[in-house]
Student: 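Shown below is the structure under consideration.
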Amino acid sequence: MGIPEVDPTAGSPLLRLGARLTGNTPGRWITRRVAPRVDRQLLRLSRGRLSSAVVTPELLLVHTGAKTGRRRTTPLTYFTDAGRAVVIASNYGGSRHPSWYYNVLAHPRVTIRAGGHTGTFVGREVTGAERDRLWQLAVDFIPSYAQYERLAARRTIPVLVFTEVGDDA
C-alpha cells in the first residue's frame, strides 16, 4: 500500500484558505503552539486519517532524539515525490531549524504514520537542484512557505525526503 500519495501540483482552494489563515502572527502562533499538541493525539486515534490541519496532509514522524536517544513524535505537513515523503523543516520561519531536523540527521531511520499506513523510512536532506525543485513544489503547494523563507532570512530552510525501506534493511 505505502504512504498515501499527495500531489503538490494538484492545487486546492482549501490550501489557499489555510495559507491566508496562517499567514499572520496569531495564525502562526496557533499553528506552531496549539496544533502540534492536538495533532499528536488526533492522528494517533484516527490512525493518521484526521488532524487539525484539515487543509493540509499530515504525517506523524516518529524519530529518535539526537542527544537524549528518546523517541519523539512530530506531526508534519508532507507531500510525495516519486514515492518519497517530502517534508520542509521551516520551523514556521523561525531563526533555527526544528529539533526534529537534527534528530533525523543523527538517526535517519524513522517511522512514519500517514493515512492508516505505518512504515519504516530513511530520511535525508536534499541539496542543490533537487532541493530547489522540491522547494518550489512546496511553495506552490503551501504558499506559507514563501513567507517562512522571508522570516528565516538568515538560514536556508532544509528540505528532507523519506524513502520507505523494508523492516530488514
Side-chain angles (χ1 to χ4, degrees), residues 1-24 26-65 71-94 97-104 107-126 134-135 137-149 152 157-164:
M1 177 175 126
I3 191 167
E5 292 288 323
V6 176
D7 181 358
T9 64
S12 161
L14 282 176
L15 283 174
R16 287 189 289 281
L17 173 63
R20 280 200 305 270
L21 294 174
T22 61
N24 56 51
R28 277 192 307 278
W29 184 87
I30 289 169
T31 303
R32 186 177 195 166
R33 303 284 184 215
V34 177
R37 289 185 174 108
V38 171
D39 281 347
R40 279 186 197 98
Q41 294 303 325
L42 204 52
L43 285 161
R44 271 192 200 120
L45 292 172
S46 69
R47 300 189 67 223
R49 291 185 174 91
L50 181 63
S51 77
S52 67
V54 176
V55 299
T56 60
E58 298 250 329
L59 58 77
L60 280 177
L61 176 69
V62 183
H63 48 98
T64 303
R71 297 292 277 171
R72 309 271 185 205
T73 302
T74 305
L76 298 167
T77 298
Y78 82 102
F79 64 91
T80 54
D81 179 71
R84 306 173 300 176
V86 180
V87 297
I88 308 300
S90 67
N91 204 18
Y92 307 97
H97 299 320
S99 58
W100 66 260
Y101 163 80
Y102 296 107
N103 294 345
V104 170
H107 304 284
R109 192 177 180 94
V110 301
T111 300
I112 290 180
R113 295 185 186 114
H117 176 74
T118 299
T120 301
F121 290 73
V122 174
R124 69 177 178 86
E125 182 175 0
V126 294
L134 292 173
W135 174 256
L137 283 173
V139 169
D140 292 344
F141 183 50
I142 311 284
S144 302
Y145 287 140
Q147 182 180 21
Y148 294 164
E149 185 175 41
I157 295 176
V159 176
L160 286 87
V161 296
F162 294 87
T163 304
E164 191 161 15

Student: L61 and side chain to side chain contact (heavy atoms under 4.5 Å, CB included): which partner among T111, I112, V87?
Tutor: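 It is I112, the one option of T111, I112, V87 that forms the side chain to side chain contact (heavy atoms under 4.5 Å, CB included) with L61.
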
Student: Could you go through T9 and D140, starting from their C-alpha distance and side-chain angles, then the distance that decides it, and tell me whether this counts as side-chain contact (heavy atoms from CB on, under 4.5 Å)?
Tutor: CA-CA 7 Å; T9 64; D140 292 344; over 6 Å; no

Student: Can you list everything that forms a side-chain contact (heavy atoms from CB on, under 4.5 Å) with E164? Sequence neighbours excluded, please.
Tutor: H117, F121

Student: Side chains of V161 and D81: closer than 4.5 Å at any heavy-atom pair?
Tutor: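 No, too far: nothing below the 4.5 Å cut-off.
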
Student: Do the ring planes of Y148 and Y92 sit parallel (below 30°), tilted (30 to 60°) or perpendicular (above 60°)?
Tutor: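 Taking Y92 first and then Y148, their aromatic rings stand perpendicular (interplane angle over 60°).
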
Student: If I take atom CG from residue L60 and atom OH from residue Y78, how far apart are they, to the nearest 0.5 angstrom?
Tutor: 11.0 Å

Student: Can you tell me how far CG of N103 sits from OG1 of T74, rounded to the nearest 0.5 angstrom?
Tutor: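 T74 OG1 to N103 CG: 7.5 Å, rounded to 0.5 Å.
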
Student: Say you draw a straight line from CZ of F141 to OG1 of T77; how long is it, rounded to the nearest 0.5 Å?
Tutor: 8.0 Å

Student: Just jot down the salt bridge (Lys or Arg N to Asp or Glu O under 4.0 Å) partners of R124, sequence neighbours excluded, or say none.
Tutor: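 Listed in chain order: E130.
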
Student: Answer whether the closest heavy-atom distance between the side chains of W100 and L76 falls below 4.5 Å.
Tutor: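 Yes; the side chains approach each other to less than 4.5 Å.
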
Student: Mind checking side-chain contact (heavy atoms from CB on, under 4.5 Å) for P108 and listing every partner two or more places apart, or none if nothing turns up?
Tutor: V122

Student: Considering all heavy atoms of both residues, which atom of P4 and which atom of A114 are nearest to each other, and what is their separation?
Tutor: CD-O, 3.3 Å

Student: What pair of heavy atoms forms the shortest contact from T73 to P75, and how long is it?
Tutor: O-CD, 4.2 Å

Student: Just jot down the side chain to side chain donor-acceptor pair (under 3.5 Å) partners of Y101, sequence neighbours excluded, or say none.
Tutor: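 By the side chain to side chain donor-acceptor pair (under 3.5 Å) rule, Y101 matches E125.
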
Student: Which pair of heavy atoms, one from F79 and one from L134, lies closest together, and at what distance?
Tutor: CZ-O, 3.7 Å

Student: So, using side-chain contact (heavy atoms from CB on, under 4.5 Å) as the criterion, who are the partners of A152 when residues are at least two apart?
Tutor: R155, I157

Student: Could you list the residues that satisfy side-chain contact (heavy atoms from CB on, under 4.5 Å) with T163, not counting sequence neighbours?
Tutor: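 Once residues adjacent in sequence are excluded, the partners of T163 under the side-chain contact (heavy atoms from CB on, under 4.5 Å) criterion are R84.
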
Student: Over all heavy atoms of both residues, which pair between G83 and E5 is shortest? Give the atoms and the distance, please.
Tutor: CA-OE2, 3.8 Å

